[in-house]
2 protein chains.
Amino acid sequence: MRAEADGKLGVYNIPLREMLTYRLSRLNARLNAQAAKILKESSGLSQAQWRVMVMIDAYGPIPPAQIVRASLMDKGQLSRTIKAMAAQGLIRINDSESDHRSHLISLTDRGRTLFERARPAMQARQSQLAGTLGGDDRAAFHRVLDRLEQALDAAE
Amino acid sequence: MRAEADGKLGVYNIPLREMLTYRLSRLNARLNAQAAKILKESSGLSQAQWRVMVMIDAYGPIPPAQIVRASLMDKGQLSRTIKAMAAQGLIRINDSESDHRSHLISLTDRGRTLFERARPAMQARQSQLAGTLGGDDRAAFHRVLDRLEQALDAAE
DNA sequence: GGAAAAAGGTTGATCCGTCAACAAAAAATG
DNA sequence: CATTTTTTGTTGACGGATCAACCTTTTTCC
């Protein structure tokens, strides 16, 4: 019924749909929604919590500052995420001996259980996405991302 | 100083940096920040306001529902954006004759002035970004986005 | 033509991400 | 060693995006 109206839209001008930044942001929103859904169904974790767990899993007990450096998360958001995770018993916070401003966070058993519960689905998603691209396309994609990032760097 | 620590991070595991969804989301965040900055400096518009103006410019006076269909904006957010723009005198809201639920929005002179003030910088940015990619890469990029969107569609 | 379904819009709640201000501790510098 | 600078983390504020509930009007369908 409205298909006709929608069809007409694209005819004489292409305001948004073809713009690359717009496409990127829509795609990103959809990918986020998908990840959030998978996490919620498999484990109830938020994406921020998942990211923190991935970092702990990869690097062992680490200080928040290291997560900020490696993941580019905002430190404010990270601070809140950590506090919530500790309250839920997902992570343990130990004061650092060497630096009295900081502390080391690590997964509790409960945290690890949830992490392992979410991991298969998250990995499957990642490989499914990677798998829909041929090797050539994947390489091209990374090349494009590199270029765009360089362009952003150049523009300060 | 910390280059050494960061260097070590990537050695035995690649938790975030290489994952395509992560790269996409970082790039998207940076692009958004850049657009927001350009808009703010050139015209004081928000991205949502800019998008509404682009749609009006392309399609003439239109009902909000059409913007929702064409841009995939959330109708709640759009409703608020429109209210704010009307309050700032950027757009005019006329009741629709044919549909008493709806109305038609169009740019005021003031709105058009701001739009024209922002447009050159926004277009320059768009072509600068497109220009940093070769034609081949740009085609590959669109192909990849298509594939990823299809993959998302397939996953419901 | 009347009941049910769909579409248009508004509003409120909530979450996420970013930014700025701040306090405490550590590192750098002279 | 004292002072300045940097790093770390916490907190508050704000805009953006999403979701759900709701009301009104239009469309569909019998």
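So you know, we letter chains A, B, ... as the sequences are listed, proteins then strands, and number each from 1. Heavy atoms only: backbone and side chains are in, while hydrogens, waters and symmetry mates are out.
Atom NE2 of A:His100 and atom C1' of C:dA27 are 15 Å apart (whole Å). Look at NZ on B:Lys37: it is 11 Å from P on C:dC19, rounded to the nearest Å. As rounded to whole Å, 16 Å separates atom P of D:dG15 from atom CG of B:Leu39. Taking atom CZ of residue B:Arg101 and atom P of nucleotide D:dT25, one finds them 10 Å apart after rounding to whole Å. If you take CD of A:Gln66 and C1' of D:dG9, they are 15 Å apart, rounded to a whole angstrom. The separation between B:Trp50 atom CH2 and D:dG15 atom P is 21 Å, rounded to whole Å. Taking atom CZ of residue A:Arg30 and atom P of nucleotide D:dT18, one finds them 12 Å apart after rounding to whole Å. The separation between A:Glu97 atom CD and D:dT8 atom C1' is 17 Å, rounded to whole Å.
A donor N or O paired with an acceptor N or O is found under 3.5 Å between the base of D:dG12 and the side-chain atoms of A:Arg80.
Of the candidate nucleotides D:dT11, C:dC16, C:dC19, D:dT11 has the atom lying nearest to any side-chain atom of A:Lys83. Taking only side-chain atoms of B:Ser79, from C-beta outward, the nucleotide of D:dG9, C:dT10, D:dT8 with the closest atom is C:dT10. Between C:dT18, C:dG8, D:dT8, one nucleotide has an atom nearer to the side chain of A:Asp99 than all others, and that is D:dT8. Here the nucleotide nearest the side chain of B:Lys75, chosen from D:dG16, C:dT11, C:dG9, is C:dG9. You'll find that the side chain of A:Pro64 is closest to D:dG9, out of D:dG9, C:dG12, C:dC19.
Under 4.0 angstrom from either OP1 or OP2 of C:dG8 there lies at least one side-chain N or O belonging to B:Arg69. Taking side-chain N and O atoms only, B:Ser102 has a distance below 4.0 Å to OP1 or OP2 of C:dG9.
Across all strands shown, A:Ala33 has no heavy atoms under 4.0 Å from either base or sugar-phosphate atoms.
Between A:Ala48 and B:His103, the residue anchored nearer the 5' end of DNA chain C, judged by the nucleotide with its closest heavy atom, is B:His103. When the nearest nucleotides of DNA chain D are assigned to A:Arg26 and A:Ile82 by heavy-atom distance, the more 5′-ward of the two goes with A:Ile82.
Under a 3.5 Å cut-off, the side chain of B:Thr108 and the backbone N or O of B:Gly89 do form a donor-acceptor pair. Judged by distance alone, with hydrogens and angles left aside, the side-chain atoms of A:Tyr22 form no donor-acceptor pair with the main-chain N or O of B:Arg51 at under 3.5 Å. A donor-acceptor distance shorter than 3.5 angstrom exists from the side chain of B:Arg110 to the backbone of B:Gln88, with no hydrogens or angles considered. With hydrogens and angles ignored, the 3.5 Å screen pairs a side-chain donor or acceptor of B:Arg92 with a backbone N or O of B:Leu107.
Looking at A:Arg117, A:Gln47, A:Gln34 one by one, the single match for side chain to side chain contact (heavy atoms under 4.5 Å, CB included) with A:Leu39 turns out to be A:Gln47.
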